[in-house]
Amino acid sequence: MTHQKFQMFIDGNWRDAGDGGRFTSLNPANEEDWAEVPEATVQDVNDAVEAAHRAFTEGPWPRMKPAERGRYLRRIAECVRPLTEELGRLETIDTGKLLRETRWQAGNVANVYDFYSGLADKIHGYVPVSSPDDPFMFTMREPVGVVAGIVPWNSQLQLAAYKIAPALAAGNSIVIKASEHASCALLEFAKVFAEADLPPGVVNIVTGGGVPCGQTLTSHPLVNRITFTGGVDTARKVIPNTASNIARLSLELGGKSPVVVFDDTDLESATNGIVAGIFAASGQSCAAGSRLIVQDGVHDALIERLIEKAESIKIGDPLAEETQMGPLATQGQRDRIETLLEQSIAQGAELLTGGKRPAAFNKGYYFEPTIVRCEHQKLPVVETELFGPVLSVLRFKDEAEAIALANDSDFAFAGGIFSRDIARALRVARRIRSGRLWINTYRVTSAQVPFGGFKRSGYGREAGIDSINDYTELKSVFVETSGEPVADPFVMR
Ligand code: NAD
């Protein structure tokens with residue numbers, strides 16, 4: 001494939017970095033340098049934020065009728081639909097994620113814009129009940145202003161859509177920082193904003209690493225709201241930045257999600273659900289079901305099936321339709337997984353299958369689907385988010401023990417419950433502390449339903465109706481209707 005060059009999208013224009021700086025993007029399937037991306041300078045980020053600020057304070061976007069903004073979003077959705085194959089391919093080459101999945105996600109980007117286009121004119125304040133003698137009181141929702149969005153490398157088109165679409169629908173402008181590991185599909189996608197005739201500066205995409213690009217963006221004094229998706233350690237660097245600009249922050253962070261399987265489960269279905277949770281996307285998902293918790297009676301049979309399934313997974317070129325698992329996104333990610341796995345085995349974890357680079361590939365960051373049995377939770381492979389295809393297995397005797405094990409984690413992003421007894425599954429779902437739970441399935445998603453975590457998995461929610469309010473300020477107004485002049489200034493009423 002020919003080497004490609006991408007540019008940033010700032011104030012409606014395509015730009016290189018001010019100092020000409022660039023970084024290369026490697027294809028994780030073959031380790032080839034296939035694209036160049038601008039490394040934004042501090043001035044480039046400042047330009048993007050100032051463009052967004054101008055679009056918000058002087059441009060037509062926040063003053064437009066809400067239904068008109070909705071029509072723009074609908075147009076964006078229509079422009080994306082014919083591009084899903086192309087955008088999916090770019091994201092696959094950049095990240096190693098399966099084309100089957102990136103193509104679907106690019107299509108889902110259109111669904112997200114459609115969903116928020118319909119909400120643009122359905123944002124409401126309220127009028128509280130009052131006495132006829134009270135002042136007239138009401139609330140109204142207004143856009144927050146300039147939004148800064150930081151996205152991780154995985155599912156970047158889709159995750160960016162969950163930030164851009166509600167922010168725009170509510171009348172804000174936005175600057176998105178793409179991940180340095182996967183900027184290309186998002187930069188290509190930005191052409192859609194030009195095609196949809198979005199006013200300049202309403203959406204800006206900058207590229208670069210955490211420092212200076214992400215740090216400059218999140219600490220910028222003109223930024224009013226930050227929506228961050230990434231790892232918890234990075235979030236800890238972003239949080240202090242808001243001490244200067246007092247920007248409102250939401251955090252979508254990592255997970256170590258439990259999948260609880262009871263004795264009465266349909267084993268075939270549970271096996272497929274567990275595999276979807278941990279081996280699809282090579283386990284590189286915030287919602288990965290990486291902690292399997294199995295009841296004694298079904299433990300051996302389930303593990304046998306899982307090993308068989310894991311060993312039959314077709315690993316290979318993520319662009320090929322028959323491939324079931326592609327490479328990991330970066331070499332650093334594979335090195336980290338190998339280290340944590342090694343430490344866990346040294347501390348007593350038992351390797352049941354996988355645990356190494358597949359022999360068939362001498363290029364690409366491939367890693368085998370891996371299952372490890374663990375006697376207790378205090379092992380790196382159970383406590384740490386590996387962000388890879390590694391499933392830890394623990395067993396339990398009764399419901400109370402299952403709930404205790406499921407909740408014994410710093411993270412609380414998602415989780416799964418498999419049981420034919422729906423009353424029990426619902427009872428357990430109510431007691432697992434987590435932002436999202438699946439019962440007898442895993443990884444199903446919809447633009448209509450929010451996602452986000454408890455505990456170290458972050459705060460705030462994306463997707464769904466409520467997310468749009470997170471991009472608004474609530475203003476309250478009192479109007480004197482008595483017709484009387486203000487009387488005694490020292491008496492409150
Ligand atoms: P990461 O934390 O390394 O990077 C995320 C983003 O933060 C990148 O764009 C990076 O450049 C930026 N960044 C780094 N330092 C920064 C700084 N000082 N200031 C501002 N920005 C900075 O994460 P990653 O490896 O790209 O992605 C994997 C992580 O993301 C996992 O923990 C995963 O669980 C999480 N994730 C969460 C969700 C969710 O919805 N909760 C979704 C996808 C991924």
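Read the numbers this way: they start at 1 and go in the same order the structure lists the ligands and their atoms.
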In terms of heavy-atom contacts, does NZ of K5 have more than 12 from other residues, nucleotides or ligands at under 6.0 Å?
no
Could you tell me whether R103 and E91 make a salt bridge, using a distance below 4.0 angstrom between a side-chain N and a carboxylate O?
no
Might you list the protein residues in contact with ligand 1, defined as having a heavy atom under 4.0 Å from one of its atoms, sorted by chain and number?
I150, V151, P152, W153, N154, L159, K177, A178, S179, E180, G209, G210, G214, Q215, F228, T229, G230, G231, T234, K237, V238, E252, L253, G254, C286, E385, F387, F413, F451
Residues 269-282 vs side-chain hydrogen bond (donor to acceptor under 3.5 Å, both in side chains), sequence neighbours excluded, gives N272-K309
Those residues that, when tested against D410, pass salt bridge (charged side-chain N to carboxylate O under 4.0 Å, His left out) (two or more places apart)
none
Salt bridge or not between K256 and E385? Use side-chain N to carboxylate O under 4.0 Å.
no
Taking ring pair (Phe, Tyr, Trp, His ring centres under 6.0 Å) as the definition, give me every residue that meets it alongside F115, ordered by chain and number, with sequence neighbours left out.
none
